[in-house]
Structure formats: C-alpha cells, structure tokens
Peer 1: 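Can you read through this structure? Questions will come right after.
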2 protein chains.
Amino acid sequence: MNIGQASKATGVTAKMIRYYDEIDLVRPASRTDSNYREYDDRQINELRFIKRARSLGFSMEEITQLLSLWRDRGRPSREVKAIADRHVADLDARIAEMQAMANTLRHLSHCCAGDDRPDCPILTDLTEGKEPSEPARRRPSFNR
Amino acid sequence: MNIGQASKATGVTAKMIRYYDEIDLVRPASRTDSNYREYDDRQINELRFIKRARSLGFSMEEITQLLSLWRDRGRPSREVKAIADRHVADLDARIAEMQAMANTLRHLSHCCAGDDRPDCPILTDLTEGKEPSEPARRRPSFNR
DNA sequence: ATGGACCTTCCCATGATGGGAGGGTCAAGA
DNA sequence: TCTTGACCCTCCCATCATGGGAAGGTCCAT
C-alpha cells in the first residue's frame with residue numbers, strides 16, 4: 001500500500017503519516033524504487049492505533065510509550081494502566097479547571113442584562129476580578 | 001512604569017507585555033529617550049484585564065474583542081454577553097468531549113489487571129476500537 | 001504520448017509562551 | 001568618576017500536531 005491507500009485505510013492524513021515517519025514513530029515497511037513509501041498490515045494497524053489513541057486525548061509522547069508497549073509482547077499491563085491512569089487524572093484536572101471557568105462565566109453572564117446599555121458585570125469582573133490562585137502550568141501538549 | 005514594574009504590577013511576564021505591544025493589543029503609553037517602554041494606569045488595567053480574561057479561557061482573538069468593548073464606553077452589554085456565552089458553550093463542548101474520553105479510559109483501566117501479565121484491554125481497545133463519529137474540529141486556540 | 005492523479009521533499013504557518021544571544025541603559029555604591 | 005549588576009532593547013528559535021503549498025518526479029489509463 002502506498003501512502004494514499006494507507007491514508008484511506010486508516011483515516012490518517014498523508015501529511016500525518018509522513019510526520020510519523022519523520023519522527024520515527026511509524027516507518028514504512030519499505031520504499032519502492034521510485035522512493036514511494038510502502039505500508040503493510042503491521043503499519044496500518046499501528047496507524048489505526050495512533051488515531052484511536054489521539055481520539056482519546058493521549059499526547060504523542062504518551063502514544064510513543066503506548067505503541068512501544070503494544071509492540072512488546074511481554075509488556076506488563078501495569079505499565080499500560082499507569083499511562084492510562086495518569087492521563088485520566090490529567091483529563092480530570094483540565095475538566096475541573098474548565099468547569100470552574102464555565103461556572104464563573106455563567107454566573108457573570110446571568111447577571112448581565114445583555115441589552116443596549118453599557119453596564120456589564122462581565123467587564124466589571126474582568127477589570128476587578130482576581131484570577132484563581134494557581135494558574136496551573138499546562139502540560140504543553142493536548143490541543144488537537 | 002517600565003516593563004519590569006508593569007510586569008510586577010500585573011503578573012504578566014515582560015515577554016508577554018512585549019508580545020501584546022507587537023500585536024497592537026496594548027501599546028505602551030510612550031517610550032523613553034532610551035527606547036524603554038513606559039506604561040501608565042490605563043495600560044496596567046488593560047494588562048490585568050487580559051490576564052483575568054486568559055484565566056477564564058478566552059482566546060486572544062476574543063480578548064481583542066472584549067478589550068475593544070471595554071474601551072468603548074457606549075458598548076451594548078449584549079455584545080459582551082454574546083462573546084461570553086459563546087465561550088461558555090465552547091467550554092461545555094470541550095468538557096463533554098474530555099469527559100467522554102475520561103469515562104472510556106476509566107472503564108478500560110478498570111478492566112485492566114495492571115499486573116505483570118501482558119494481556120491488556122486498554123491496548124486491545126486501541127487496536128480495535130472505533131473512534132467516536134465526529135473528530136470535532138478544534139478551534140485553533142486554547143491550550144494554555 | 002499525453003494528462004491527470006498520484007507521490008516526493010522542503011519550507012512556512014498556526015497560538016501563546018518561553019529561552020537566549022548580543023548589545024544598550026540606569027542607578028547605587030566605591 | 002568608574003564599575004557593576006540589574007535592568008531594558010531587538011531578533012531569532014522552539015514548542016506541538018497539523019495543514020497549506022510549491023517544485024518536481026512517477027504511474028496508469030486512455
């Protein structure tokens with residue numbers, strides 16, 4: 001399978017497949033004489049694996065680890081579970097943070113007349129409000 | 001106030017203050033003869049405004065709009081409210097998406113023994129699982 | 001043989017932020 | 001007055017995962 005066929009088979013764009021090659025995450029099984037990438041079932045499954053893992057919010061860093069465990073037939077499931085659990089904790093933390101934002105804004109919006117007049121508690125809050133204690137250093141990944 | 005004093009007064013890093021200048025969001029009141037940026041109360045308040053708005057998850061794009069409404073004494077509060085409500089809806093959508101991820105992973109992790117054996121339902125899911133229907137095109141902003 | 005649909009590499013952009021180099025400026029103490 | 005250290009300046013580069021696009025080579029069906 002060339003890159004276009006692999007892309008169709010996995011739903012991963014050709015661009016991304018080339019990127020995964022570049023970062024040594026999934027290399028093509030071989031190259032044709034004319035330098036076209038060739039993928040077989042092994043890589044196709046790995047690309048699907050990555051796609052699914054991304055859709056669950058794992059960073060490429062985590063996926064690199066997961067993929068290496070996946071390739072290792074003797075892996076202890078403990079290690080896989082640890083990565084998943086860390087990611088869940090991470091998700092939960094972000095969720096809590098975003099819920100706090102949404103709740104604050106819902107309250108402010110509720111107090112705002114939303115008409116032609118200029119008085120607006122939302123702007124007032126932005127002018128005077130203290131932001132929450134811990135700005136929460138965000139792990140650089142995860143935006144999708 | 002020079003940039004360092006403004007930074008201390010607002011909690012916004014000097015780097016970011018320079019960036020806001022560069023993108024014409026908050027320009028210094030003036031420059032000294034030696035080209036140092038000078039800020040006065042007006043800009044200090046605007047920087048605080050931005051910091052607070054960022055902490056509520058607004059993108060720079062949205063903050064640009066909010067700041068321009070803030071500067072406009074005659075703004076209709078309707079416009080402010082509309083921006084806030086859109087942002088809340090956006091937050092809620094992300095939250096729902098991340099909760100779905102976390103729930104899926106929690107289930108998989110719960111089913112994983114997490115011991116020395118290689119069998120792992122998490123990896124099995126990543127191999128076979130279908131990802132959710134709508135990959136959800138992410139608005140480019142907001143990762144922090 | 002031609003044309004269109006592929007493929008290749010290379011470069012650039014995103015958004016908000018930080019790091020750092022290389023060089024100028026200021027103020028306090030000797 | 002000179003030195004020193006703490007500032008400030010601009011400019012460039014990196015992040016992370018992804019997409020856009022240019023310039024050029026390849027393959028296949030007509």
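Each chain gets a letter, A, B and so on, in the order its sequence line appears, and its residues count up from 1. Heavy-atom basis, side chains included; hydrogens, waters and symmetry copies ignored.
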Peer 1: Atom OH of Tyr20(B) and atom P of dA16(C): how far apart are they, to the nearest Å?
Peer 2: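 From Tyr20(B) OH to dA16(C) P: 8 Å.
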Peer 1: Is Thr13(B) close enough to dG18(C) that one of its side-chain N or O atoms is under 4.0 Å from OP1 or OP2 there?
Peer 2: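 For Thr13(B), the contact criterion (side-chain N or O under 4.0 Å from OP1 or OP2 of dG18(C)) is met.
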Peer 1: What integer distance in Å separates Ile23(B):CD1 from dT14(C):P?
Peer 2: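 It is 12 Å, rounded to the nearest whole Å.
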Peer 1: Is it true that Arg117(B) and Asp115(B) have a side-chain N and a carboxylate O under 4.0 angstrom from each other?
Peer 2: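 Result for this pair is yes, salt bridge flagged.
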Peer 1: Any donor and acceptor pair, going by atom type alone, linking the side chain of Ser55(B) with main-chain N or O of Arg52(B) inside 3.5 Å?
Peer 2: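 Such a contact is found between Ser55(B) side chain and Arg52(B) backbone.
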Peer 1: To the nearest angstrom, how far is Tyr19(A) atom OH from dA17(D) atom P?
Peer 2: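 About 5 Å, once rounded to whole Å.
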Peer 1: Roughly how many Å is it from CZ in Arg18(B) to C1' in dC9(D), rounded to a whole number?
Peer 2: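 For the pair Arg18(B) CZ and dC9(D) C1', the rounded distance is 7 Å.
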Peer 1: Within this structure, what is the CE-to-P distance between Met16(A) and dG19(D), rounded to whole angstrom?
Peer 2: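 To the nearest whole Å, that distance equals 5 Å.
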Peer 1: Hey, which sits more toward the 5' end of DNA chain D by its nearest nucleotide, Asn35(B) or Glu61(A)?
Peer 2: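 Result of the comparison: Asn35(B).
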Peer 1: With no hydrogens and no angle check, is any side-chain donor or acceptor of Ser77(A) less than 3.5 Å from a backbone partner on Pro118(B)?
Peer 2: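 Judged by distance alone, no pair lies under 3.5 Å.
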Peer 1: Just the rounded figure in Å: distance from C1' of dG15(C) to CZ of Phe58(B).
Peer 2: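 Going from Phe58(B) (CZ) to dG15(C) (C1'), I get 17 Å.
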Peer 1: Do any pairs count as a salt bridge (charged side-chain N to carboxylate O under 4.0 Å, His left out) and have a residue in residues 74-85 of chain B, sequence neighbours left out, and if so which ones?
Peer 2: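 Found Asp116(A)-Arg78(B).
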Peer 1: Using a strict threshold of under 4.0 Å (side-chain N to carboxylate O), is an ion pair present between Asp90(B) and Arg86(B)?
Peer 2: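 No.
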Peer 1: Assign a letter to each nucleotide of nucleotides 20-26 of chain D from its 5' end: B, base within under 4.0 Å of a protein heavy atom; S, sugar-phosphate only; -, no contact.
Peer 2: BB---BB
Peer 1: Find out if a path of hydrophobic residues (ILVMFWY) with successive side-chain heavy-atom gaps under 4.5 Å connects Met1(A) to Tyr20(A).
Peer 2: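 Yes, it is one cluster - the side chains of Met1(A) and Tyr20(A) are joined through contacts under 4.5 Å.
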Peer 1: What is the distance, rounded to the nearest whole Å, between atom CG of Asp21(B) and atom P of dT10(D)?
Peer 2: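 So the two atoms are 8 Å apart, to the nearest Å.
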Peer 1: How close or far is atom C1' of dC9(D) from atom CZ of Arg31(B), stated in whole angstroms?
Peer 2: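 Interatomic distance, CZ of Arg31(B) to C1' of dC9(D): 8 Å.
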Peer 1: Over all strands shown, is Thr32(A) touching base, sugar-phosphate only, or nothing at heavy-atom distances under 4.0 angstrom?
Peer 2: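 Nothing: the residue Thr32(A), judged by heavy atoms under 4.0 Å, touches no strand.
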Peer 1: Donor-acceptor pair, Gln5(A) side chain versus Asn2(A) backbone, under 3.5 Å?
Peer 2: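 Looks like yes, one N/O pair under 3.5 Å.
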Peer 1: Between the opening five pairs and the closing five pairs of the helix from dA1(C)-dT30(D) to dA30(C)-dT1(D), how far apart are the helix axes, to 10°?
Peer 2: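 For the helix from dA1(C)-dT30(D) to dA30(C)-dT1(D), the axes at either end differ by 30°.
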Peer 1: Can you find a pair of side-chain heavy atoms, one from Phe58(B) and one from Leu105(A), that are under 4.5 Å apart?
Peer 2: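 Yes, side chains in contact.
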Peer 1: Between Arg37(A) and dT9(C), is there a contact of a side-chain N or O with OP1 or OP2 at under 4.0 Å?
Peer 2: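 Indeed, a polar side-chain atom of Arg37(A) lies that close.
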Peer 1: Check this for me, if you would: do Glu22(A) and Arg18(A) make a salt bridge, where the nitrogen-to-carboxylate-oxygen distance has to be below 4.0 angstrom?
Peer 2: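 A salt bridge is absent here (no side-chain N lies under 4.0 Å from a carboxylate O).
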